[in-house]
Amino acid sequence: MPVAAPARRWAGFQATWGPTVWSSASTWRRPTSPRHGARGTAPADALVMQADLQALPFAPGSFDLIWSVNTVNHLRDPVDGLRLAASLLRPGGRIALGQSSLLPDMYFAWDSRLERLVNEAVRQYYRDRYHLDERDLASVRSIVGLLRAAGLHDVTVLTQVIERVAPVRAEDERYLVETIFRDSWGERLQPYLSRDDYEALGRLCDPRHPDFALRRPDFHFLQTFTLAIGNT
């Protein structure tokens, strides 16, 4: 049972593992279009569902494995959510929690100052958007602790480093420009950066500008992906 937030990209990939895919999140603003997202990329025989992770319509003992990526910390009570998910596992079942960027990403190897300011702006934007204080997110990286607090045992963890250097492939450029530069950064960061820093960021993120980051010979992108697995 894969669980992802946003579920669309991950569920389509995970559907190749077996006949059942479960895509859910803590809250949903609108239904996913059938032409896009998990249903648009999953195999025809895959079961793709969208619902509240804390009100799952499955009987206990329905699954051998639950795979969740970048999701659990979106729940108001992650430990309770994991306990509910664990109740769906058969004896000997496992929950795998994937989380990106437990360590800071590196985008601008040539300008650590701007990179730091951008990362701080992103965090502040989301704190303001969801009315959170920094203390509310103090334990957001503790996925090992969440699994153990939820009663899972024999917890193991592995972190992989994802690297890209110039020249990047077309699909990598598309991911960075659309998912990071536009959707995660973009105009939303303007109130959190000085005018000069925001304009510098805009030049680095614009494929039409001569300063576009991905075409610099010193472009080196680093990101981590951590997978923690707990057993029932």
Side-chain angles (χ1 to χ4, degrees), residues 1-29 31-32 37-103 105 126 130 132 135-162 223-232:
M1 184 182 80
V3 178
R8 298 182 290 275
R9 177 173 302 186
W10 279 100
F13 167 73
Q14 292 153 351
T16 61
W17 298 351
T20 301
V21 172
W22 168 249
S23 302
S24 65
S26 53
T27 58
W28 290 86
R29 294 176 182 266
T32 301
R39 181 67 277 166
T41 57
D45 62 346
L47 173 63
V48 179
M49 302 183 70
Q50 177 174 301
D52 190 330
L53 180 57
Q54 295 177 296
L56 300 172
F58 290 112
S62 296
F63 301 98
D64 297 309
L65 170 68
I66 295 174
W67 166 280
S68 174
V69 176
N70 294 339
T71 303
V72 67
N73 287 315
H74 291 270
L75 301 176
R76 288 187 174 87
D77 189 338
V79 173
D80 185 58
L82 285 174
R83 288 185 181 131
L84 288 171
S87 70
L88 302 179
L89 292 171
R90 300 183 181 102
R94 296 180 294 169
I95 293 180
L97 294 184
Q99 183 64 49
S100 58
S101 304
L102 292 184
L103 298 177
D105 297 345
Y126 281 106
Y130 294 108
L132 297 171
R135 286 179 286 269
D136 296 323
L137 303 173
S139 62
V140 72
R141 298 176 299 172
S142 184
I143 57 175
V144 170
L146 291 176
L147 286 169
R148 288 177 171 161
L152 282 300
H153 58 85
D154 297 329
V155 176
T156 59
V157 64
L158 176 68
T159 297
Q160 297 282 354
V161 176
I162 303 166
Q223 186 180 55
T224 59
F225 179 78
T226 300
L227 186 66
I229 300 175
N231 297 268
T232 58

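The figures here come from the full heavy-atom set of this structure, side chains too, leaving out hydrogens, waters and symmetry mates.
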Euclidean distance, [Y] [atom2] relative to [X] [atom1], rounded to 0.5 Å:
X    : Y    : atom1 : atom2 : answer
R83  : L152 : CZ    : CG    : 10.5 Å
L227 : W67  : CG    : CH2   : 4.5 Å
L137 : Y130 : CG    : OH    : 11.5 Å

With a 4.5 Å limit on heavy-atom distance, are the side chains of Q160 and I162 in contact?
no
Provide the closest heavy-atom pair for [X] versus [Y] in the form atom of the first, atom of the second, distance.
X    : Y    : result
G230 : V155 : CA-CG2, 4.2 Å
T71  : S68  : CB-OG, 3.3 Å
A150 : L82  : CB-CB, 3.6 Å
N73  : L146 : OD1-CD1, 3.8 Å

Using atom types as modelled and distance alone, determine if a side-chain donor or acceptor of [X] lies under 3.5 Å from a backbone N or O of [Y].
X    : Y    : answer
S87  : A85  : no
D154 : N231 : no
T232 : G92  : yes

Show every donor-acceptor pair shorter than 3.5 Å between a side-chain atom in residues 93-103 and any protein atom, with sequence neighbours excluded, or say none if there are none.
unit_1	atom_1	unit_2	atom_2	d
Q99	NE2	N70	OD1	3.1
S100	OG	N70	OD1	3.4
S100	OG	N70	ND2	3.2
S101	OG	D105	OD1	2.8
S101	OG	D105	OD2	3.1
S101	OG	Q223	NE2	3.4

